[in-house]
Structure formats: C-alpha cells, structure tokens
Amino acid sequence: IALGLCLLWGYGGILSFGQVAYFGIAAYVYGIIAGNMTGNSWGPLIGSIGGLAASAVVAGIFAYFLFFARVQGWIVPILTLVLTLLLETFLGQTAGYQWRVGQVQLGGYNGMTGIPPFQIGNLIFFGYSFYYYVLVVVILSYLACRMLVNAKAGKVLLAIREDPLRTELLGYDIRARQWSIFVLASILAGLSGILYVQWGNYITPTQVGLAQASLPIIWVAVGGPDSLLACAISTYALNWLTYTLSSAGYQSALVII
C-alpha cells in the first residue's frame with residue numbers, strides 16, 4: 001500500500017485516503033474465489049488474479065470520474081475516503097446467511113474466515129516459505145516502482161505534480177496519466193490485501209475502516225512522500241514499533257504511532 005501511495009501522492013501529487021478500499025476489495029474477492037475452489041490446487045492463484053483484477057476495475061471506474069470529470073485536487077481525498085467508508089458500511093451489513101457467494105459467507109462484522117492460504121499446484125506457502133514469498137513480492141514491487149519513477153513516465157508524473165497546466169500545454173494527456181497511476185497504486189493496495197488474507201486466513205470490515213485508512217498516509221508522510229526507499233523503511237519501522245508495543249501490552253500503541 002505504501003509504495004503505491006508514494007507513487008500516487010509523492011510523485012503524482014494525488015492524495016488518496018481510499019487505498020484500503022482496494023486492499024479490502026482484492027482480499028474479499030480472493031476469499032470468495034479461492035473459498036469456492038477449495039480442493040483445487042490452482043484456486044488460490046486464480047483467486048489472486050481475480051482479486052487484482054477486481055481492484056483494478058473498481059479503481060479504473062472510480063478514477064475515470066475523478067480525473068476525466070476534472071474534479072479539483074482538494075476534493076479527491078474526500079471522495080476516496082467516502083468510498084472507503086461506504087465499503088466498510090456495506091461489508092458490515094452482510095452478516096445474514098443470504099449474504100453468501102457460492103459456499104463462502106461474507107460474515108458481516110464477524111468477517112470472512114477460513115480463507116485458503118496461497119499455493120501453486122501442490123506447493124503451499126506457509127511459515128518460512130510464505131515469509132520469503134512475501135519478501136520477493138515486496139522487492140519486485142519496489143524495483144518495478146523504482147523503474148517507473150526513473151523512466152520518462154516518472155519525469156512526466158513529477159511535471160504533472162508541479163504544474164499540471166504547463167504539462168498539458170506541452171502535449172501530455174495528464175488525465176490519462178493520472179488515471180494510470182491511480183489504477184497502479186490500487187493494484188499494489190490490492191496485492192497487499194491478498195497477501196494479508198493469505199497470511200491470516202480472515203478479513204473483517206474494520207480492515208477497510210477509517211483507522212486503517214489513515215495508516216498508509218502516516219507511513220508515507222513519515223518517510224517522505226517523494227522517496228520510495230524512505231517510504232519502505234518508514235513503513236517497516238512503524239509497523240515493527242506498533243507490533244512491539246502491542247505485544248508488550250501497551251494498549252495505546254496505535255495512538256503513540
């Protein structure tokens with residue numbers, strides 16, 4: 001999530017409070033697909049692809065109305081936050097037995113449980129193997145983001161952040177590029193959601209709530225929005241500090257962070 005928000009906010013100048021919405025969308029779609037394909041060794045892989053596709057489609061539709069309708073920059077954070085709160089409210093109302101997709105119960109505020117772990121064929125990622133799997137995904141995501149910002153597209157993105165009108169006068173379609181970076185950031189957020197449910201095997205609507213929506217903003221702001229490396233380091237450091245304080249019994253860990 002942090003890397004995607006760094007691209008979107010630090011390099012693109014677009015602040016979004018809605019990245020956890022795509023986190024949640026991808027996680028729930030993964031749980032639905034993989035849960036309905038229990039027993040199929042390729043179900044988790046298909047679920048991962050479906051989750052990323054769902055977050056990309058929702059982000060693409062939402063971003064189209066944001067940028068091609070020329071919504072002013074200061075309104076974008078508000079609209080993205082509204083999307084997050086609407087998603088949390090909707091998911092919280094899915095506690096009845098009628099809220100079932102195939103064999104999978106959405107669960108309301110009790111959450112979706114029993115989500116299958118990730119596997120490719122007969123290779124199940126669990127324990128240390130899952131750790132290294134996540135590590136590889138994070139490193140590849142970072143390198144992909146670094147290649148993007150170092151390329152010409154990254155320079156154009158910075159130009160849009162500094163002076164959108166002048167960049168448009170130079171012949172660049174700024175709305176198409178803003179749309180693209182928004183979708184990319186949402187895919188990274190969706191990837192985070194998929195990794196989360198593959199690890200914990202559950203997800204609740206609170207994971208897309210207001211408190212969770214503010215955390216990526218803090219991670220990126222502490223490290224510096226215009227530095228991918230600093231953003232990655234600050235995200236790791238702040239989460240390590242949060243878990244350390246929580247495990248030591250400090251109930252105010254979230255407030256301190």
Side-chain angles (χ1 to χ4, degrees), residues 1-9 12 14-37 43-68 76-77 79-92 94 101 104 106-107 111-112 115-116 118 133-134 137-138 140-142 144-145 148 176-210 212-217 219-220 235:
I1 293 181
L3 289 174
L5 185 60
C6 185
L7 287 177
L8 187 62
W9 181 22
I14 304 165
L15 177 58
S16 170
F17 276 91
Q19 296 311 101
V20 291
Y22 307 108
F23 174 100
I25 290 170
Y28 270 90
V29 171
Y30 171 85
I32 291 170
I33 295 176
N36 279 294
M37 297 183 67
L45 181 60
I46 297 173
S48 299
I49 297 172
L52 293 178
S55 60
V57 169
V58 174
I61 295 172
F62 187 68
Y64 176 83
F65 290 103
L66 283 181
F67 302 119
F68 288 92
V76 173
L79 294 179
T80 54
L81 180 59
V82 168
L83 175 65
T84 298
L85 297 179
L86 286 174
L87 180 62
E88 181 192 18
T89 302
F90 168 73
L91 292 174
T94 59
V101 181
V104 179
L106 297 185
M112 180 187 295
I115 300 175
F118 184 66
Y133 155 64
V134 173
V137 170
V138 171
L140 291 178
S141 298
Y142 173 81
C145 292
L148 175 64
R177 291 176 182 268
Q178 288 174 325
W179 181 90
S180 300
I181 200 66
F182 190 95
V183 173
L184 176 59
S186 301
I187 291 174
L188 289 173
L191 179 60
S192 300
I194 291 172
L195 293 176
Y196 177 79
V197 294
Q198 289 173 349
W199 163 74
N201 308 119
Y202 77 100
I203 187 171
T204 66
T206 56
Q207 297 303 126
V208 298
L210 181 60
Q212 298 298 323
S214 63
L215 289 178
I217 306 294
W219 301 336
V220 176
T235 302

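Keep in mind that this is a model prediction, so the values were computed, not measured. Side chains are part of it too, since the values below use all heavy atoms of this structure and drop only hydrogens, waters and symmetry mates.
Taking the side-chain contact (heavy atoms from CB on, under 4.5 Å) definition, one finds that Y142 meets it with L3, R146, L228, L229, sequence neighbours left out. Every residue meeting the side-chain contact (heavy atoms from CB on, under 4.5 Å) condition with Q212, not counting sequence neighbours, appears here in chain and number order: V20, Q207, L215. For T206, the side-chain hydrogen bond (donor to acceptor under 3.5 Å, both in side chains) partners are T204, not counting sequence neighbours. Judged as a ring pair (Phe, Tyr, Trp, His ring centres under 6.0 Å), and not counting sequence neighbours, Y28 has no contacts.
Two residues are said to be in side-chain contact when any heavy atoms from C-beta on lie closer than 4.5 Å; I14 and F67 meet this criterion. When side chains are defined from C-beta on, L8 counts as touching Q19, because their heavy atoms get closer than 4.5 Å.
Here the CG-CD1 distance, from L15 to I217, works out to 4.5 Å after rounding to the nearest 0.5 Å. Here OG of S180 is found 12.5 Å from CG of L7. Values are rounded to the nearest 0.5 Å. Atoms CD1 and CD1, on I33 and I46 in that order, are 8.0 Å from each other to the nearest 0.5 Å.
Listed by first then second residue, pairs satisfying side-chain hydrogen bond (donor to acceptor under 3.5 Å, both in side chains) with a partner in residues 55-64 number zero, not counting sequence neighbours. For residues 186-198, the set of pairs meeting the side-chain hydrogen bond (donor to acceptor under 3.5 Å, both in side chains) definition, not counting sequence neighbours, comprises S48-Q198, Y133-Q198, Y196-Y202.
Nearest heavy-atom pair across A213 and T84 is CB-CG2, 4.2 Å.
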Go through the steps for F23 and I203 under the test side chain to side chain contact (heavy atoms under 4.5 Å, CB included), then give the verdict.
-> CA-CA 10 Å; F23 174 100; I203 187 171; 4.2 Å; yes
